[in-house]
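Just so you know, residue 1 is the first one in the sequence shown, and it goes up from there. No experiment lies behind these values; they were computed from the predicted model shown. Atoms within a ligand are numbered from 1 in the order they appear, just like the ligands themselves.
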Amino acid sequence: MPLQDAHSLRTLLDSIDGKGYGAYKRLRGRWEIEGFELRVDHVQGDPFAAPSRLRILAGGRHTGLPSELCTPGARAIGTACCLARAFAEAARKCRRGTGSGRSGELRMEAPGQEVLEHSALRVGADGGVETRFRLGLPARGRRVMGREAARLLLEAVPALARATFLKGGWDEAVLRRHAEVNEDADALRDALAERGLLAFVAEGALLPRRSGVDDRPLEGPGVVPFRTPPSLELTIELPNAGPVRGMGVPPGVTLITGGGYHGKSTLLRALQAGVGNHRPGDGREFVVTRRGAVKIRAEDGRAVTGVDISPFIGTLPGGRETRSFSTPNASGSTSQAAAIMEALEAGAEALLIDEDTSATNFMIRDRRMQLLVPREREPITPFIDRVRELHAEHEVSTVLVVGGSGDYLDVADTVITMTEYHPSEVTERARAVAAEHPTGRVAEAPGPFPPMPRRVPRPGSVDPSKGRREVRVRLRGEEAIHFGDEEIDLSGVEQVVSVAQLRAISEALVLARQRVLDGERSVPDVLDEVMAILDREGLDALGHGHDGDLARFRRHELAAALNRLRSLEVEVELR
Ligand code: ADP
Ligand code: MG
């Protein structure tokens, strides 16, 4: 498509003023405005539909971004997230003007506290910026408002660009901080891997959030900054921040204990969020966890398809075998067992578990219960009898919040206790208590983990079509996906960080169906291939090709979505 100038755009808008809304379709194309390029990719069908999709492309000459803020990878991503937030914020404040339906609505889906690759705004190595947003093209009734459209496209949008990513719009110190902090967080995660650690929490980090629905840091005089227990202290040298001191979480089995309301779950939640990076000022910039750490919880009612839960759940009432277990309606314990086996299948490095969201009978069976209910009548092998084996035989560590069951002291490598939001290491003391007060319970695992079966999804069972439409995929709220005729509930998948990520996951399922599933590839093979496509082609491999509302996700969240699809069918090959 040829590049047309701003004058032609104004002439076009004048000429369609007062015409039917469909005349806006003529806006599709490329327009040069004040040295940048405006692309109209998609024009909404009517003023009440989802606003039109637009892009701005500006070269490095026009943004003036210094090259060290645009180095591909962590730096460019940090810079891009900062610019996207600024653009989205300025767009929210834009005067909407008059008009029917969503006229004048201007918005970008910018990242929140998280920092990750995002399609809303991208920074190229040459300092060029591509930004994607939506604009409700203005209408009176269903008629084009040409002059108002000219105000939006030729004044409001360029003003937004000037105020955010064009030369003079950005503050170098602010951008530098975003780029450097993000680079440091990645370096910190790499350092964890080198030292064999699971996670790191920097001295002074702010862990509590404002609420369950507000991910910003809790503020006020009552907030207690993180204090490093001396015995777990270490210092890691970062490329920009220099030496950073904090708590290293060692591999193996780590318990987080302490009284109710003393901050146990808050620490675990910070660790589970630490698989991704956070913006400067978040409080968790240097709270970092290995990428492969997966939060596990009970989720009764979910579907499970062909999962080998036998390490945790033996033969069920009625003689039902569990090496290929399927149910449309899992119990607390079977859902938690399935979540662990699915995480292992997807290549988890660590499991993060909170007693608050666990099934008690999955976690523990104490001495008295062992005496009352004989082993032969209890299908469950509780997690306590598998957690050491997971580390010794499968190199999968566990961090576990337990305030309730002291039986776990027997299986812990490290015990941390929270007191008034301050952690201390009490491993020695815990050992002494365990030695002095034996529980008398006997280990119940019947044998080692059997080899993981291969699960091969049937392509036809992952079906995004609905009626005559080949692909119909939508989000329902912030925690569920409408996928064809199915609904996938991800409200129990806590490590999904944003709606943009959820949308990308939903589109990745479509991609999996269209390009990857072949009736031969196993679940981990499918995950490998989808992630490889994203690495090669970027987020534009998903959706329409230039959507602005997608964010990168981990293989584990994609696996979680696939595993919760109720129509999923798999071929199970026992090994
Ligand atoms: P637990 O799991 O031990 O019962 P939580 O982690 O749920 O405790 O924390 C209880 C409350 O204390 C929550 O409202 C949380 O936001 C708050 N909180 C946690 N850590 C801190 C902290 N460091 N400073 C201030 N408040 C905190
Ligand atoms: Mg708790």
Side-chain angles (χ1 to χ4, degrees), residues 112-114 199-230 232-233 244-249 253-275 278 281-289 293-300 332 336 339 350-364 383-384 387 398-409 412 414-427 429-430 491-495 497:
Q113 297 301 109
E114 72 281 5
F200 180 87
V201 184
E203 177 79 11
L206 303 175
L207 308 188
R209 302 291 103 187
R210 290 197 196 170
S211 78
V213 294
D214 187 343
D215 200 34
R216 290 173 298 171
L218 185 66
E219 283 171 348
V223 176
V224 178
F226 187 83
R227 206 167 65 194
T228 310
L232 295 176
E233 180 180 313
V244 171
R245 192 163 60 86
M247 175 176 87
V249 178
V253 179
T254 301
L255 299 191
I256 301 173
T257 63
Y261 223 69
H262 280 256
K264 303 185 294 297
S265 297
T266 302
L267 174 56
L268 191 78
R269 271 198 293 273
L271 297 181
Q272 77 196 49
V275 298
H278 295 96
D282 174 85
R284 299 170 298 183
E285 293 92 323
F286 298 145
V287 179
V288 160
T289 308
V294 179
K295 177 69 181 283
I296 299 291
R297 55 174 288 172
E299 220 182 312
D300 56 324
Q336 202 163 352
L351 308 178
L352 308 175
I353 302 182
D354 191 332
E355 63 182 355
D356 290 356
T357 47
S358 291
T360 306
N361 61 341
F362 178 79
M363 298 306 291
I364 186 70
F383 188 68
I384 190 170
V387 65
T398 299
V399 180
L400 199 67
V401 169
V402 263
S405 170
D407 287 14
Y408 268 92
L409 299 184
T414 307
V415 183
I416 295 167
T417 190
M418 299 297 292
T419 315
E420 310 253 354
Y421 313 130
H422 287 306
S424 41
E425 200 214 329
V426 293
T427 310
R429 169 104 187 95
S491 55
V493 183
E494 298 176 15
Q495 286 171 296
V497 296

Subject >> Thr414 to Thr427 - nearest heavy-atom pair and separation >> reply: CA-OG1, 3.5 Å

Original post:
Does Ser265 approach ligand 1 within less than 4.0 angstrom via side chain, backbone, both or neither, non-hydrogen atoms only?
Top reply: both

Original post:
How does Tyr421 reach ligand 1, by side chain, by backbone, by both or by neither, if only non-hydrogen atoms under 4.0 Å count?
Top reply: side chain

Original post:
What are the two closest heavy atoms between Asp282 and Gln113, and how far apart are they?
Top reply: OD1-NE2, 2.7 Å

Original post:
For Arg269, is at least one N or O under 3.5 Å away from an N or O on ligand 1?
Top reply: no

Subject >> Identity and separation of the nearest protein heavy atom to atom 8 (O) of ligand 1 >> reply: Gly263 N, 3.2 Å

Original post:
Can you tell me which residue and heavy atom of the protein come closest to atom 14 (O) of ligand 1, and the distance to 0.1 Å?
Top reply: Tyr261 OH, 3.5 Å

**OP:** Of the side chain and backbone of Lys264, name the one, both, or neither that has a heavy atom under 4.0 Å from an atom of ligand 1.
**Re:** both

**OP:** Grab the two heavy atoms, one from Ile364 and one from Ser405, that are nearest each other, plus how far apart they are.
**Re:** CG1-OG, 3.9 Å

Original post:
Out of curiosity, is Met418 lining ligand 1, as in a heavy atom under 4.0 Å away?
Top reply: no

Original post:
For the residue pair Ser265 and Asp356, what are the closest heavy atoms and their distance?
Top reply: OG-OD2, 2.9 Å

Subject >> Sole candidate of Arg209, His278, Arg210, Arg284 that passes side chain to side chain donor-acceptor pair (under 3.5 Å) when paired with Asp215 >> reply: Arg284

Original post:
Just distances here: any N/O of Arg209 and N/O of ligand 1 closer than 3.5 Å?
Top reply: no

Original post:
So, is Val224 polar-close to ligand 1, with some N/O to N/O distance under 3.5 Å?
Top reply: yes

Subject >> Step-by-step side chain to side chain contact (heavy atoms under 4.5 Å, CB included) determination, Phe200 to Val244 >> reply: CA-CA 10 Å; Phe200 180 87; Val244 171; 3.9 Å; yes

Original post:
So which heavy atom on Gly332 is nearest to which on Ala359, and how close?
Top reply: C-CB, 3.7 Å

**OP:** Can you list, by chain and residue number, the protein N, O or S atoms under 2.8 Å from the Mg ion (ligand 2)?
**Re:** Ser265 OG, Asp356 OD2

**OP:** Could you list which atoms of ligand 1 come closer than 4.0 Å to a heavy atom of Val223?
**Re:** 24 (N), 25 (C)

Subject >> Short side-chain donor-acceptor distance under 3.5 Å, Lys295 and Gln495 >> reply: no

Original post:
side-chain hydrogen bond (donor to acceptor under 3.5 Å, both in side chains) between Thr228 and Glu233: does it pass, once the steps are laid out?
Top reply: CA-CA 6 Å; Thr228 310; Glu233 180 180 313; 5.4 Å; no

Original post:
Within a reach of under 6.0 Å around CZ of Arg297, are more than 12 heavy atoms found that belong to other residues, nucleotides or ligands?
Top reply: yes

Original post:
Considering distance alone, does some N or O of Thr266 sit under 3.5 Å from an N or O of ligand 1?
Top reply: yes

Subject >> Enumerated ligand 1 atoms positioned under 4.0 Å from heavy atoms of Gly222 >> reply: 24 (N), 25 (C)

Subject >> Candidate pair Thr289 and Gln272, rule side-chain hydrogen bond (donor to acceptor under 3.5 Å, both in side chains), full reasoning >> reply: CA-CA 7 Å; Thr289 308; Gln272 77 196 49; over 6 Å; no

Subject >> Ligand-side contact atoms (ligand 1) for residue partner Gly260, heavy atom cut-off under 4.0 Å >> reply: 4 (O)

Original post:
Counting each atom of ligand 1 from 1 as listed, which ones have a heavy atom of Gly259 under 4.0 Å away?
Top reply: 3 (O)

Subject >> Whether Ser211 side chain and Val213 backbone form a donor-acceptor pair below 3.5 Å >> reply: yes

Original post:
What protein heavy atom is closest to atom 16 (O) of ligand 1, reported as residue, atom name and distance in Å?
Top reply: Pro208 CB, 3.8 Å

Subject >> Over all atoms of both residues, closest heavy-atom pair of Ala205 and Val287 >> reply: CB-CG2, 3.7 Å

